[in-house]
J.: 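Just passing along the structure, written as structure tokens.
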Amino acid sequence: MAEINHAERAHATLSASGAHRWMACTPSAMLEKDLPDTTSEFAKEGTTAHELSEIYLSHEIGEINKSTRTRRINRFKKENAYYSQEMIDYVEKYVDIVVEKINEAKARSDDAVILLEQRLDFSEWVPRGYGTGDVVIISDGHLEVVDLKYGKGVEVSAVENEQLRLYGLGAFNQFDMLYDIETVSMTIVQPRLDNLSTETLEAETLVEWAKTEVKPKADLAWSGEGEFVAGDHCRFCKLKATCRARAEENLKMAQYEFDKPAELSLDEIGQILFKAGELQKWAKDIEKYAFDQAEKHGKKVPGWKLVEGRSNRKYADEAKVLSTLKVDYELDSIAPRKILGITAMEKAIGKKVFAEKLSDLVIKPAGKPTLVPEGDKRPELNSTASAQADFK
Ligand code: SF4
């Protein structure tokens with residue numbers, strides 16, 4: 001069986017994984033389309049887990065023999081920085097769940113069909129829409145799509161999950177003619193959160209959802225039309241920092257109409273708390289964007305400058321500090337379990353003695369660049385981008 005490059009799984013403009021967003025905010029898809037992708041460490045780790053699970057499952061369903069599995073796993077261990085025993089344990093947990101489903105399918109019908117890494121085309125409802133199903137199981141009029149989610153940040157439910165439903169639709173579309181599918185299950189397995197979530201729908205209900213909910217929104221999204229709607233789905237939008245609709249939605253907070261009394265009621269505080277979480281996320285996105293513009297792209301953000309951030313003093317050589325002090329102090333008083341930190345040491349032996357004996361053994365590392373208001377006393381730093389330009 002040909003090996004699959006999981007990191008390069010194709011992504012459609014109207015992708016299944018982005019469906020929750022482009023269905024809620026239809027103009028977002030076309031605006032995001034040409035912006036660069038960023039790959040996080042978590043995404044790379046997820047890709048690794050998918051690759052590993054595919055090796056295990058290929059063996060389980062008889063596509064590769066044991067020695068090929070061992071050879072591929074050994075090569076994988078050597079070449080993959082994200083590989084760990086912990087990952088093996090979680091992937092095995094996922095594989096066990098899938099194998100159980102496969103066995104159930106085989107018990108229902110001898111000619112159960114099992115497919116791995118299946119390209120699923122749902123372009124009948126979403127222009128050029130396709131995605132990849134990790135596992136597709138078909139038996140006795142029932143189809144199930146299983147999706148491994150290796151992340152452990154947020155528990156994801158399969159119920160009313162647009163991404164999974166689009167996978168289900170793609171699989172239904174592809175296999176209904178051959179297997180007369182009556183029901184479709186869509187399952188998420190998150191082994192690191194012990195989360196196994198399934199939604200099962202009559203095939204008719206799924207297709208009705210596609211016609212009435214998905215298609216009209218997909219058509220709007222494809223033509224870049226519709227209303228901007230901000231919400232939780234902005235979190236993974238490439239425009240999240242610069243989007244005006246999101247800014248306006250968040251700034252409505254400032255126009256909150258308070259009642260007359262001087263103090264806020266608990267009712268009002270309850271309402272503000274709901275909004276505060278969103279505001280915090282938005283503020284972080286804006287801060288990161290402004291910092292990246294200044295640091296990576298050498299752009300000036302008016303009113304702001306890059307400076308060296310604060311850093312903590314540390315010992316240049318702990319062993320030398322101990323040998324210097326051991327002459328005059330009991331070990332217990334300067335290193336009860338481990339060596340005292342700098343502030344605690346100054347307190348223990350007095351600032352004056354500290355300066356006399358240890359000043360040569362204390363260093364202050366350079367602080368990380370930080371974006372601060374222009375009025376800050378610290379001198380402006382050159383950004384990485386302008387430093388590279390200077391160097392050239
Ligand atoms: S940030 Fe939110 S509101 Fe703005 S385009 Fe993206 S999804 Fe839509």
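Residue numbers count from 1 along this sequence. Everything numeric in this text was worked out from a predicted model, so none of it was measured.
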J.: Could you verify whether a donor N or O on one side chain and an acceptor N or O on the other, from Gln85 and Asp89, lie under 3.5 Å apart?
T.: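 Side chains of Gln85 and Asp89: pair found under 3.5 Å.
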J.: State the CD1-CG distance between Ile73 and Asn80, to the nearest 0.5 angstrom.
T.: 12.0 Å
J.: Measuring only between side-chain heavy atoms, which start at C-beta, is Lys275 closer than 4.5 Å to Asn250?
T.: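 When only atoms from C-beta onward are counted, Asn250 and Lys275 do touch, with a gap below 4.5 Å.
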J.: Find the distance between CG (Leu120) and CD (Gln174) and round it off to the nearest 0.5 Å.
T.: 6.0 Å
J.: With sequence neighbours excluded, tell me which residues meet side chain to side chain contact (heavy atoms under 4.5 Å, CB included) with Glu104.
T.: Glu100, Arg108
J.: Would one find more than 12 heavy atoms of other residues, nucleotides or ligands at under 6.0 Å from atom CG of Asn312?
T.: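 No, the 6.0 Å shell around CG holds no more than 12 heavy atoms from other groups.
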J.: Give a yes-or-no answer on whether the side chains of Ser123 and Asp121 include a donor-acceptor pair shorter than 3.5 Å.
T.: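 Looking only at side-chain atoms, Asp121 and Ser123 do form a donor-acceptor pair, the distance falling under 3.5 Å.
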J.: Quick one, Phe172 and Leu201 - any side-chain contact, counting heavy atoms below 4.5 Å?
T.: no
J.: Do Lys320 and Asp360 meet the salt-bridge criterion of a basic N to acidic O distance under 4.0 Å?
T.: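 Here Asp360 does not pair with Lys320 in a salt bridge, since their nearest N and O are not under 4.0 Å apart.
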J.: Can you tell me how far apart CH2 (Trp304) and CD (Glu287) are? Round to the nearest 0.5 Å.
T.: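 Reported to 0.5 Å precision, the distance equals 7.5 Å.
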J.: To the nearest 0.5 Å, how far apart are CD in Glu155 and CG in Asn195?
T.: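 Reported value, rounded in 0.5 Å steps: 4.0 Å.
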J.: Would you say Thr26 and Lys217 are linked by a side-chain donor-acceptor pair, where the criterion is simply a distance under 3.5 Å?
T.: no
J.: Are any of the side-chain heavy atoms of Met87 and Leu52 separated by less than 4.5 Å?
T.: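 Met87 vs Leu52: side chains touch.
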J.: What verdict does the side-chain contact (heavy atoms from CB on, under 4.5 Å) test give for Glu144 and Thr187, after you've listed the backbone C-alpha separation in whole Å, the side-chain angles of each residue and the deciding distance to 0.1 Å?
T.: CA-CA 7 Å; Glu144 181 159 10; Thr187 294; 2.5 Å; yes
J.: Can Ser67 and Asn65 be said to form a side chain to side chain donor-acceptor pair (under 3.5 Å), step by step?
T.: CA-CA 6 Å; Ser67 66; Asn65 59 27; 3.2 Å; yes
J.: Parallel, tilted or perpendicular for Phe354 and Tyr315, by the 30°/60° rule?
T.: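 Aromatic pair Phe354/Tyr315 classed tilted.
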J.: First locate atom CZ of Arg21, then atom NZ of Lys240, and finally report the distance between them rounded to the nearest 0.5 Å.
T.: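 Arg21 CZ to Lys240 NZ: 10.0 Å, rounded to 0.5 Å.
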J.: Can you name the closest pair of heavy atoms from Gln190 and Gly151 and give their distance?
T.: NE2-O, 3.5 Å
J.: Can you confirm whether Lys93 is buried at NZ, in the sense that more than 12 heavy atoms of other residues, nucleotides or ligands lie under 6.0 Å from that atom?
T.: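 Check passes, neighbour count above 12.
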J.: Do Glu199 and Arg165 sit within salt-bridge range, that is, some charged N less than 4.0 Å from a carboxylate O?
T.: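 Yes.
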J.: Starting from Tyr179, can I reach Leu169 by hopping between I/L/V/M/F/W/Y residues whose side chains sit under 4.5 Å apart?
T.: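 Shared cluster, yes.
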J.: For Asp328, does the CG atom sit with more than 12 other heavy atoms under 6.0 Å from it, leaving out its own atoms?
T.: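 Yes, because the 6.0 Å sphere around CG of Asp328 holds more than 12 heavy atoms from other groups.
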J.: Kindly compute the distance separating CG (Leu115) from CD1 (Ile61), expressed to the nearest 0.5 Å.
T.: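 CD1 of Ile61 is found 7.5 Å from CG of Leu115.
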J.: Do Phe42 and Leu148 land in one hydrophobic cluster if side-chain heavy atoms of ILVMFWY residues count as linked below 4.5 Å?
T.: no
J.: Can you list the steps and then say if Arg235 with Asp285 is a salt bridge (Lys or Arg N to Asp or Glu O under 4.0 Å)?
T.: CA-CA 9 Å; Arg235 207 168 133 215; Asp285 292 338; over 6 Å; no
J.: What verdict does the side-chain contact (heavy atoms from CB on, under 4.5 Å) test give for Glu213 and Glu208, after you've listed the backbone C-alpha separation in whole Å, the side-chain angles of each residue and the deciding distance to 0.1 Å?
T.: CA-CA 8 Å; Glu213 293 287 322; Glu208 187 60 19; over 6 Å; no
J.: Let me know which of Lys152, Lys149, Arg192 forms a salt bridge (Lys or Arg N to Asp or Glu O under 4.0 Å) with Glu45.
T.: Arg192
J.: For residues Leu166 and Val159: do they belong to one hydrophobic cluster (side chain heavy atoms under 4.5 Å, members Ile, Leu, Val, Met, Phe, Trp, Tyr)?
T.: no
